[in-house]
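A short worksheet on the structure shown next.
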Amino acid sequence: MTILVTGATGFIGSHFCVQALQQGLDVLLLDNLENSSLKVLDAIEQVTGVKPNFIEADLRDKSQLTQIFSVNKIDSVVHFAGYKAVGESATNPLMYYRNNVAGSINLLEVMKEQAVHKLVFSSSATVYGEPVFNPYTEEHRKLPFNPYGQTKSMMEDMMADLCKSDSQFSMVALRYFNPIGAHPSGKLGEDPKGIPNNLMPYITKVAVGELAELGVFGDDYDTVDGTGVRDYIHVMDLAEGHVKAIEYLNNHKGYEAINLGAGHGYSVLQLVKAFEDVNQVKIPYVIKPRREGDLAAYWADATKAEKLLGWTTQLTINDMVRDSWAWQSRNPKGYN
Ligand code: NAD
Ligand code: UD1
């Protein structure tokens with residue numbers, strides 16, 4: 001039975017497709033290529049030995065989706081497609097609601113119309129907002145404070161309501177913490193357009209000489225060394241979490257939100273040091289003011305994922321910095 005993967009040529013989707021193909025799952029890749037490249041398909045083929053089935057389509061076009069569902073035997077959906085830049089979501093909120101919410105409604109409607117009942121969705125720890133306690137459990141109240149986070153929370157609510165309205169549905173929202181790393185082959189990785197917003201791609205662009213130095217956003221937080229603390233998770237561990245979530249959906253009905261994180265945090269400077277030590281590359285940095293909207297520290301309580309999915313992270317911070325660098329150093333210009 002076919003698993004439709006939306007956003008399949010993006011950073012996380014592509015790593016999931018590798019993992020799924022290597023475990024013999026039948027995946028149909030869908031992307032509009034707005035934020036990714038067709039070259040990802042070659043990389044997936046090189047790593048897995050399987051030529052992936054790919055459809056170029058946009059979730060905002062419901063008729064395209066209906067057509068895809070009517071000609072393919074789709075059994076479940078893993079939904080990665082969407083926009084993810086927090087700052088951009090604040091300056092252009094409607095673009096985010098249109099793509100991440102209206103696009104997702106199209107997908108849910110077509111799934112309902114075509115009796116496809118199983119969905120895994122890419123949510124984010126950003127739905128929790130300011131931590132009332134750390135680590136975040138799934139019961140922590142949701143209070144996102146930017147439009148991107150709102151779109152994730154709204155989609156979660158729609159999934160929960162749909163599952164309540166019809167007991168045939170089984171859906172999981174996976175709340176990712178901070179995915180970094182790359183496929184260990186160095187053939188697939190993160191390839192953001194322009195100057196990266198996120199820490200790890202910024203570090204690798206400094207390492208490769210494209211950017212002069214890293215700006216560290218604040219060194220006066222109440223953390224181990226004053227810099228922000230996050231729960232970094234290797235993208236291959238994250239990909240495996242989705243495989244486990246599909247197995248779970250095959251045997252359970254209803255809706256669940258599940259954290260995918262390592263269960264502990266590292267500071268910005270700890271990540272920089274790990275990168276320098278493992279890869280023997282110097283990362284010059286300067287301390288800058290705090291970035292607006294940043295939180296001091298948060299990490300996951302990942303016990304629900306272990307209990308329901310039988311999943312825990314296997315890879316370490318050293319694996320993450322090694323694989324991120326293997327990707328960037330072999331592909332200084334990303335997929336181009
Ligand atoms: P990405 O931008 O690399 O991948 C998203 C893919 O979706 C891209 O290939 C893009 O072309 C495609 N896409 C966007 N809109 C589309 C549409 N309307 N129709 C078809 N395709 C469309 O992002 P990613 O890092 O792989 O993230 C995947 C998902 O995980 C996103 O939903 C993101 O919000 C979520 N997420 C990511 C992170 C992270 O740190 N990367 C953290 C939490 C949650
Ligand atoms: C960001 C988003 C979050 C989203 C996640 C994954 C913001 C405010 N939050 O999380 O909603 O789910 O990406 O897409 O954008 N840092 C630096 N210098 C840099 C970049 C980052 O010091 O150049 C620091 C940040 O202050 C933070 C840490 O590194 O402490 C991680 O930042 P980042 O990788 O951007 O992720 P988040 O902010 O956690």
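Order of listing sets the numbers, starting from 1, for every ligand and every atom in it.
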query: Any side-chain heavy-atom pair from E138 and I258 closer than 4.5 angstrom?
result: yes

query: Do any nitrogen or oxygen atoms of G293 come within less than 3.5 Å of a nitrogen or oxygen of ligand 2?
result: no

task: Tell me which one of F217, Y298, Y232 gets a heavy atom nearest to atom 31 (C) of ligand 2.
output: Y232

- prompt: Is a side-chain donor or acceptor of N331 paired with a backbone partner of G186 at a separation under 3.5 angstrom?
  reply: yes

- request: Kindly confirm or rule out an N or O of N146 lying under 3.5 angstrom from an N or O of ligand 2.
  value: no

message: Test your reading of the model: is there a side-chain donor-acceptor pair from D161 to the backbone of M158, 3.5 Å cut-off?
response: no

Test of proximity, Y202 against ligand 2: N or O pairs below 3.5 Å: no

- request: Return the residue, atom name and 0.1 Å-rounded distance of the protein heavy atom closest to atom 35 (O) of ligand 2.
  value: R291 NH2, 2.8 Å

V86, any N or O under 3.5 Å of ligand 2 N or O: no

- prompt: Counting both backbone and side chain atoms, is some N or O of G7 under 3.5 Å from an N or O of ligand 1?
  reply: no

message: With a cutoff of 4.0 Å, is S14 in contact with ligand 1, counting heavy atoms of the residue only?
response: no

task: Distance to 0.1 Å, residue and atom name: give those for the protein heavy atom nearest to atom 30 (O) of ligand 2.
output: G228 CA, 3.6 Å

message: Looking only at distances, can you tell me whether any N or O atom of A81, backbone or side chain, sits closer than 3.5 Å to an N or O atom of ligand 1?
response: no

statement: Closest heavy-atom approach to atom 5 (C) of ligand 2 among T126, I180, V268, N198 is made by N198

query: Which bit of K152 gets closer than 4.0 Å to ligand 1, counting heavy atoms only: side chain, backbone, both or neither?
result: side chain

Atom indices of ligand 1, in the order listed, that fall short of 4.0 Å to a heavy atom of G10: 3 (O), 4 (O), 9 (O), 26 (O)

- request: Check whether any N or O atom of S124, backbone or side chain, sits under 3.5 Å from an N or O atom of ligand 1, and answer yes or no.
  value: no

- prompt: Does G103 have a non-hydrogen atom less than 4.0 Å from ligand 1?
  reply: no

query: Looking only at distance, does E292 have an N or O less than 3.5 Å from an N or O of ligand 2?
result: no

query: Which residues satisfy the side-chain hydrogen bond (donor to acceptor under 3.5 Å, both in side chains) test with N32, sequence neighbours excluded?
result: E34, D58

Short N or O distance, N178 and ligand 2, threshold 3.5 Å exclusive: yes

- request: Could you tell me whether the side chains of T313 and H234 share a donor-acceptor contact shorter than 3.5 Å?
  value: no

task: Heavy-atom distances under 4.0 Å are what count here, so tell me which part of N99 touches ligand 1: side chain, backbone, both or neither.
output: side chain

- line: Among non-hydrogen protein atoms, atom 16 (C) of ligand 1 lies closest to N32 ND2, 3.4 Å

